[in-house]
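Note that these values count all heavy atoms, side chains included, but never hydrogens, waters or copies made by symmetry.
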Amino acid sequence: VDLVFCHRPDPFTPTATVVRAMTDIVRSGRSTAWGTSEWSAQQITEAYWIAKSEGLEPPQFEQPQYNMLHRQRFEEEYFPLYNSPYSIGTTIWSPLRSGFLTGKYLEGIPEDSRPTQEGYDWKLQDLEERRARGEFEIVANLVDFAHNKGCTPAQLALAWCLKNPNVSTILLGATTEDQLRDNLGCIEVALSMSDDDMKSIEEILVKHPEIDAVLPTMGGQTALNLCIDAEDKGVWTKHDVDIIGVNIDAINITEDREQFRNLMQTIDIPMAPQRIAKSFLEGKEAAQEFGFPLCIRASFTLGLSLIHI
């Protein structure tokens with residue numbers, strides 16, 4: 001076969017044993033490469049360095065869930081893995097969030113959908129939880145955007161995934177020929193999407209609670225300067241939460257940037273790990289006073305994520 005996936009990590013098997021087994025499969029010619037599915041970044045890097053240190057075959061790809069409403073692991077946790085020395089490829093699953101991003105649940109539950117099938121009763125509760133999180137409103141806005149763009153909601157959601165350079169492959173879950181043809185239309189849509197289109201979509205998605213604090217829309221050097229400035233002033237430390245920056249469009253003149261910095265300096269935040277939540281909330285409130293969507297990262301990603309934002 002071409003690829004072998006270790007589907008979900010096995011907590012009862014040492015990683016070194018898995019790496020040796022996968023190496024045997026690859027070197028015996030039964031597969032060209034091996035990878036992981038839903039492993040943590042720590043588990044992937046552990047497997048990689050075991051392979052490198054013992055002359056074995058390292059994992060070359062990861063199969064994670066990724067879509068407009070499920071982003072944090074792919075965009076945050078895995079970010080270092082997309083670069084050297086790992087250069088991990090990705091095969092994303094559930095790009096339409098089990099059909100939710102097509103908008104088909106906005107007017108009720110279709111008769112042929114999964115929630116109506118035996119054994120999928122849990123989907124009904126899942127839909128109610130999504131409604132409570134405001135995801136129905138987000139999808140409704142995405143549907144309107146797709147119609148104005150001249151494409152289907154499914155094509156828009158898939159095209160959005162394609163626009164991410166760290167997405168190597170998208171797994172489609174089409175069950176009919178018509179669905180497959182519609183899904184493949186996402187390629188043309190992706191080619192036509194402008195930076196303004198992506199920014200407009202981000203403005204819709206930023207309302208989602210999972211990504212409320214993740215808005216990578218500014219230049220890396222500007223973000224780095226803001227972070228260093230805040231840390232120098234003692235607003236945040238490496239034991240707390242690093243301020244990364246704000247939307248660059250909102251602070252493209254020095255006066256606005258200085259106004260934001262000055263406000264940050266007036267916030268009295270004790271430098272202690274247990275104050276992380278309070279620091280985040282206070283920083284976010286201060287940023288929003290000027291209409292700036294605050295952008296944060298955990299301090300351990302400072303040397304990795306900032307340069308690529």
I'd like to know whether H70 forms a side chain to side chain contact (heavy atoms under 4.5 Å, CB included) with S94, so could you lay out the CA-CA distance, the side-chain angles of the two residues, the decisive distance to 0.1 Å, and finally the verdict. CA-CA 9 Å; H70 189 93; S94 195; over 6 Å; no
Residue pair Y78 / I44, side-chain heavy-atom distance below 4.5 Å: yes
Nearest heavy-atom neighbours spanning E77 and A41: OE2-N, 2.8 Å
Mind checking whether L127 and F100 have side chains closer than 4.5 Å, heavy atoms only? yes
Measuring from T45:OG1 to Y86:OH, what's the distance to the nearest 0.5 Å? 5.5 Å
Quick one: pull up CG in L101 and SG in C161 and give me the separation to the nearest 0.5 Å. 8.5 Å
Honestly curious: do M68 and I204 fall in one hydrophobic cluster under the side-chain, below-4.5 Å linking rule? yes
Close side-chain approach of L171 to P95, heavy-atom, < 4.5 Å: no
Could you tell me whether a side-chain N or O of K149 sits under 3.5 Å from a main-chain N or O of D197, the two making a donor and an acceptor? no
Whether the E38 and W93 side chains hold a donor-acceptor pair (N or O, under 3.5 Å, no angle test) is what I'd like checked. yes
Less than 4.5 Å apart, side chain to side chain, heavy atoms only: is that true for E135 and E129? no
Y105/F136 aromatic ring centres below 6.0 Å: no
If you apply the rule salt bridge (charged side-chain N to carboxylate O under 4.0 Å, His left out), what do you find for E177 with R181, and how did you get there? CA-CA 6 Å; E177 181 179 339; R181 290 183 180 278; 2.9 Å; yes
Distance-only polar pair, side chains of T152 and D182, donor-acceptor under 3.5 Å: yes
Assess the side chains of E203 and S200: does a donor N or O sit below 3.5 Å from an acceptor N or O? no
All heavy atoms of M193 vs all of A159, minimum pair found to be SD-CB, 3.6 Å
Could you report the tightest heavy-atom contact between Q63 and S37, atom names first, then the distance? O-OG, 3.1 Å
Between K104 and I109, is there a side-chain heavy-atom distance shorter than 4.5 Å? no
Salt-bridge contact E202-R71 (side-chain N to carboxylate O under 4.0 Å): yes
Between V1 and F61, is there shared hydrophobic-cluster membership here, with clusters defined by ILVMFWY side-chain heavy atoms closer than 4.5 Å? no
Determine whether a donor-acceptor pair (N or O, by modelled atom type, separation under 3.5 Å) exists between the side chain of Q43 and the backbone of S40. yes
Are Y66 and W160 close enough that their ring centers fall under 6.0 Å? yes
What's the spacing between L69 CG and L205 CG if we round to 0.5 Å? 6.5 Å
Can you list, pair by pair, the side-chain donor-acceptor contacts under 3.5 Å of residues 52-60, counting residues two or more places apart and other chains?
from	atom 1	to	atom 2	distance (Å)
S53	OG	W49	O	2.9
S53	OG	I50	O	3.1
E54	OE1	R20	NH2	3.0
E57	OE2	R27	NE	3.0
E57	OE2	R27	NH2	3.3

Quick check: do S87 and Y82 have side-chain heavy atoms less than 4.5 Å from each other? no
Any donor-acceptor N/O pair, T13 side chain to D10 backbone, under 3.5 Å: no
Distance-only, no hydrogens or angles: does the T90 side chain make a donor-acceptor pair with backbone N or O of S168 under 3.5 Å? yes
Decide if the gap between the ring center of F74 and the ring center of F79 is smaller than 6.0 angstrom. no
Does any N or O in the side chain of T36 come within less than 3.5 Å of the main-chain N or O of W39, such that one atom is a donor and the other an acceptor? no
Spacing of R97 atom CZ and N67 atom CG [to the nearest 0.5 Å]: 5.5 Å
Over all atoms of both residues, closest heavy-atom pair of A174 and L180: CB-N, 3.7 Å
Give a yes or no on this: more than 12 heavy atoms of other residues, nucleotides or ligands lie within 6.0 Å of atom CG of N148. yes
Please examine the side chains of N183 and Q155, heavy atoms only from C-beta on, and report whether any two atoms are closer than 4.5 Å. no
Under 4.5 Å between any side-chain heavy atoms of T91 and F5, yes or no? yes
CD of E107: more than 12 outside heavy atoms within 6.0 angstrom? no
Roughly how far, to the nearest 0.5 Å, is CG of L191 from CG of L162? 8.5 Å
On a heavy-atom basis, the closest approach of E62 and P64 is O-CD, 3.1 Å
One thing to verify: whether R130 and D126 come together as a salt bridge, which I'm taking to mean a side-chain N less than 4.0 angstrom from a carboxylate O. yes
Can a side-chain donor-acceptor contact be found between Q179 and T175 if the only test is distance below 3.5 angstrom? yes
CD1 of I187 to CD1 of I170, rounded to nearest 0.5 Å, is 9.0 Å
